[in-house]
Amino acid sequence: MDEQSGSIRKASRLTSALLVARPAAGYSVVQRLLHWGVVLLCLTQIPTSWAIARTHMTHAFMQPAPFDLFLHRVHAWGGWLVLAFAVVRIGLRYLHGVPPLPAASSQITRWGAAISHALLYGLLFALPITGTAAMYVDSAAFAPIHRVLTWSLLAVVVVHVSAALRHHLIRRDEVLRRMITGVRTAK
């Protein structure tokens, strides 16, 4: 038991070092807008990705449909915007801070939140980079990595959303409300 709690403490310190942020009473308007902007951009990536497959399935005698080429560009620019938003969000974590988890949260919950946020940010960086590499460097090498990362992001997002809903519906704390409405944590 003592070994396990020591491992958890080490992992907690590691994830804290990855996403160090000073405590804040709540998320700023900019932090919330960027969060939901990333959500919307990621949702647009789904239908636009279907056009990419169609543009690559054309043959020498067939040209891709102009609308598919447009959607391909929307997908690329959407990915680059996700990357830009993620960079700004990391900066705001340092400048503005983030609200802490509720005091009643267990160490495992804190550890899980830190790991899932590190994974989310890592994937939000890796996906646009691998997508760009697949587009401009070597599709055969980078597209499979990009696909695996896409499914990984989906899995981490499901965990993230489930945790937020657990906080809201079961624990009935302010974790979800502060990202939606800017509710401030009591000092």
Side-chain angles (χ1 to χ4, degrees), residues 8-9 11-50 71 73-129 131 149-187:
I8 291 171
R9 278 194 299 278
S12 180
R13 280 195 300 272
L14 174 65
T15 54
S16 293
L18 292 173
L19 293 172
V20 175
R22 59 190 177 105
Y27 291 106
S28 70
V29 171
V30 174
Q31 285 173 304
R32 292 193 323 268
L33 287 173
L34 288 170
H35 174 275
W36 294 110
V38 166
V39 170
L40 290 175
L41 285 168
C42 286
L43 289 173
T44 64
Q45 295 301 79
I46 297 166
T48 58
S49 70
W50 302 330
L71 292 177
R73 285 187 203 101
V74 168
H75 187 84
W77 280 99
W80 296 328
L81 271 175
V82 165
L83 178 60
F85 283 14
V87 168
V88 173
R89 288 193 64 202
I90 291 284
L92 287 173
R93 287 182 73 87
Y94 290 101
L95 296 173
H96 179 268
V98 295
L101 284 172
S105 298
S106 70
Q107 190 60 35
I108 298 284
T109 298
R110 293 174 191 286
W111 182 72
I115 291 285
S116 68
H117 280 98
L119 287 171
L120 281 170
Y121 281 109
L123 290 165
L124 292 177
F125 277 80
L127 276 161
I129 292 167
L149 292 176
T150 301
W151 287 105
S152 300
L153 178 64
L154 179 62
V156 176
V157 164
V158 166
V159 170
H160 183 71
V161 170
S162 298
L165 290 174
R166 176 180 170 264
H167 277 282
H168 188 70
L169 299 172
I170 296 170
R171 301 208 52 201
R172 299 195 183 277
D173 58 30
E174 76 281 356
V175 170
L176 180 59
R177 283 185 308 229
R178 63 190 185 190
M179 185 49 83
I180 294 173
T181 63
V183 167
R184 299 283 198 207
T185 304
K187 290 188 177 186

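Across all their heavy atoms, P99 and A25 have their closest contact at CB-O, 4.1 Å. Across all their heavy atoms, G79 and P128 have their closest contact at O-CG, 3.2 Å. The minimum heavy-atom distance between Y121 and A86, with the atom names listed, is CE2-O, 4.2 Å. Between S116 and A113, the closest heavy-atom pair is OG-O, 3.1 Å. Scanning both residues, L71 and T48, for their nearest heavy atoms gives O-CB, 3.6 Å.
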### Task
Kindly indicate, with the supporting measurements, whether the criterion side-chain contact (heavy atoms from CB on, under 4.5 Å) is fulfilled by V157 and L120.
CA-CA 8 Å; V157 164; L120 281 170; 3.9 Å; yes
### CA sep, side-chain torsions, deciding dist, call: L92, V88, side-chain contact (heavy atoms from CB on, under 4.5 Å)
CA-CA 6 Å; L92 287 173; V88 173; 4.0 Å; yes
### Message
Test side-chain contact (heavy atoms from CB on, under 4.5 Å) on L176 and H167; report intermediate values, then the result.
### Response
CA-CA 7 Å; L176 180 59; H167 277 282; 5.6 Å; no
### Task
Could you walk me through whether V156 and L123 pass the side-chain contact (heavy atoms from CB on, under 4.5 Å) test, one step at a time?
CA-CA 9 Å; V156 176; L123 290 165; 4.0 Å; yes
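The structure places NE2 of H117 at 10.0 Å from CD1 of I90, a figure rounded to the nearest 0.5 Å. Here the CZ atom belonging to R166 is positioned 11.5 Å from the CG atom belonging to L169, to the nearest 0.5 angstrom.
With contacts defined as side-chain heavy-atom distances shorter than 4.5 Å, the pair P23/V98 does not qualify.
Between the side chain of T109 and the backbone N or O of S105, no donor-acceptor pair lies under 3.5 Å.
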Show every donor-acceptor pair shorter than 3.5 Å between a side-chain atom in residues 38-46 and any protein atom, with sequence neighbours excluded, or say none if there are none.
from, atom 1, to, atom 2, distance (Å)
T44, OG1, L41, O, 2.7
Q45, NE2, H75, O, 3.0

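The side-chain hydrogen bond (donor to acceptor under 3.5 Å, both in side chains) pairs that include a residue from residues 25-38 are S28-Q31, Q31-H96, where partners are two or more places apart or lie in different chains.
Scored by the ring pair (Phe, Tyr, Trp, His ring centres under 6.0 Å) test, W77 finds W80 as partners (sequence neighbours excluded).
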